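All of these numbers come straight from a predicted model, not from anything done at the bench. Ligands are counted one by one from 1 in listed order, and the atoms in each one are counted from 1 as well.
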Amino acid sequence: MFSKRIRDVQPSGTVMLANKVKQMKNQGIDVISFTLGEPDFPTPEHIIDAAKQALDDGMTHYVQSTGIPPLREAVAAHVTNKNGIKAASDNILILPTKFALYGTIQALVDPGDEVIHPDPGWVSYGPMIELAGGVPVPVRMRYKDSWVWEPEDIASKVTDRTKAIILNTPSNPTGSIISADTLKAIGDIAEDHDLRIISDEIYENLVYEDTHFSIGSIERIRDRVITISGFSKSYAMTGWRVGWMVADKETVKMVNKLQQHSLTCLPAFVQMGALAALREGDECVRTMKEEFRARRNMVIPMLNEIDGVSCEMPRGAFYAFFRTDLGIPSMELADMLLQKAHVSLTPGSAFGTAGESYMRMSYAASRDELTEGIGRIARFISSLKG
Ligand code: GLU
C-alpha cells in the first residue's frame, strides 16, 4: 500500500517525541520539555507587525517560487556582509531551512550515491539521504576534550560513489564548532574528489566563544558549497518555516524546480516578516543569544553535579549533550524519564550510533523550567542508583 521508501524511513526522533509531549500536556500531565530545539522567546514584535501589515495589504496570494525579490536581495546582502559568501539575488532561494536540506539532497543524489554526514548529527540527515535513494555514510565525531570531526576520518570514507558531505557548525546535538582550519581541510577533500558540500549553519548566530566561519566564504570552492540557514533559531521564528539556501545559480534553479512542484512558494506575509527581521538588524538576536549563554553557564555545572553525569561546555547552539554511566540504552532512559519523572529529553541514539550513551537537552527553556527539570533528572537518576 505504501512505497518502500516511506515504509523504510524512520520517523523523526525529535518531532515524534515533541508530538508525544504535546499529547501528554494536553492530558494535563505536567511534563517539562527539553526535547525540541526551539527558542522559548516570542518572535520579536517588529517581525510580527510586518507580517500583520502584509496581511492587511492583501499579500495573501502566490508569489515567486524563488522568494520575493526584496527578501532575496536582503539575504544576498546579509550573507555577503556577514558570512563573507559573495552572493547576488539569483544565488538565493527562499524556502524552509529543513526543506532546503531536503531539496538540495534530492537535487544532488541519485540512487546508490553516498553522502557523508556527522555522527552524532541531526536526526534528519540520514532519512533525507535515504528518501533520495542515497546511502547515508555517517562519519563519527571523536570525543577528545570536546567533539571534533576529523578531516582524515571523512577522507577515509570517500568512495567513487560519494556525492556530497553534509556538515553542521555549530553542531546539533553536540554544540561543537568546526574550526576554520578543519573546514578548509574538508574543502580540500571536496576539491580533490569533486564533491559538493552542504553546510547546515542554522545555529550560526549562537556561537559563544568563537567567530562563526562559513565554508562557502572560501572563494576557491564557493561553487561546490550550498550554505543553508534561516530565521528559526536566530529570530525565534521556528513556526514561520522560513530560511534560505545560498548556492551557484544552477543549483538554485534545480532546487527551485522542486519548490515549484511541491510548496510553490513561501507565504508572502511570512517573507515580509523575514524581511523585517533582516532590515531591523541583529540586536534582538544578540539579546536572545546572551540569555542562551547565561542559561548554558547555569545548566552545564548543574548537570555535572549529578552523580554519573558528565557534560562538556558546548561552544554553540543551545543543546547540552550529556553522558550518563547508567548503562541504560538512551531510548529507554528517555522513555523512563518521560513516563516517571515527566521530563523529556531526546535520546542520543536518535543522532546516530556515536550518541548512544548520551542524552540531548535543549536549554532553550526558561530558567525556572531548567532548574525544576534538572532537579527531576537528578532525583530520578539518584533513585536508579539506589
Ligand atoms: N532541529 C530541531 C531539533 O533538532 C527541531 C526539530 C527537528 O527539526 O528535528 O530539535
Original post:
Residues two or more places apart in sequence or in another chain: which of them pass salt bridge (charged side-chain N to carboxylate O under 4.0 Å, His left out) with R142?
Top reply: D153
**OP:** Using the ring pair (Phe, Tyr, Trp, His ring centres under 6.0 Å) rule, collect all pairs that involve residues 120-139, keeping only residues at least two apart or in two chains.
**Re:** W122-Y125
Original post:
With a 3.5 Å cut-off and no angle check, do the side chains of Y143 and Y358 form a donor-acceptor pair?
Top reply: no
Subject >> Donor-acceptor side-chain pairing of S199 and T227 below 3.5 angstrom >> reply: no
Side-chain donor-acceptor pairs of residues 262-280 under 3.5 Å, sequence neighbours excluded:
from: S262; atom 1: OG; to: L258; atom 2: O; distance (Å): 2.5
from: Q271; atom 1: OE1; to: I68; atom 2: N; distance (Å): 2.8
from: Q271; atom 1: NE2; to: L266; atom 2: O; distance (Å): 2.9

**OP:** Step through it carefully: locate the ring centre of F41, locate the ring centre of F292, and say whether they are under 6.0 Å apart.
**Re:** yes
**OP:** Below 4.0 Å from any atom of ligand 1, which residues have a heavy atom? Give them in chain and number order, please.
**Re:** T14, L36, G37, K98, W122, V123, N172, Y203, K233, Y319, R360
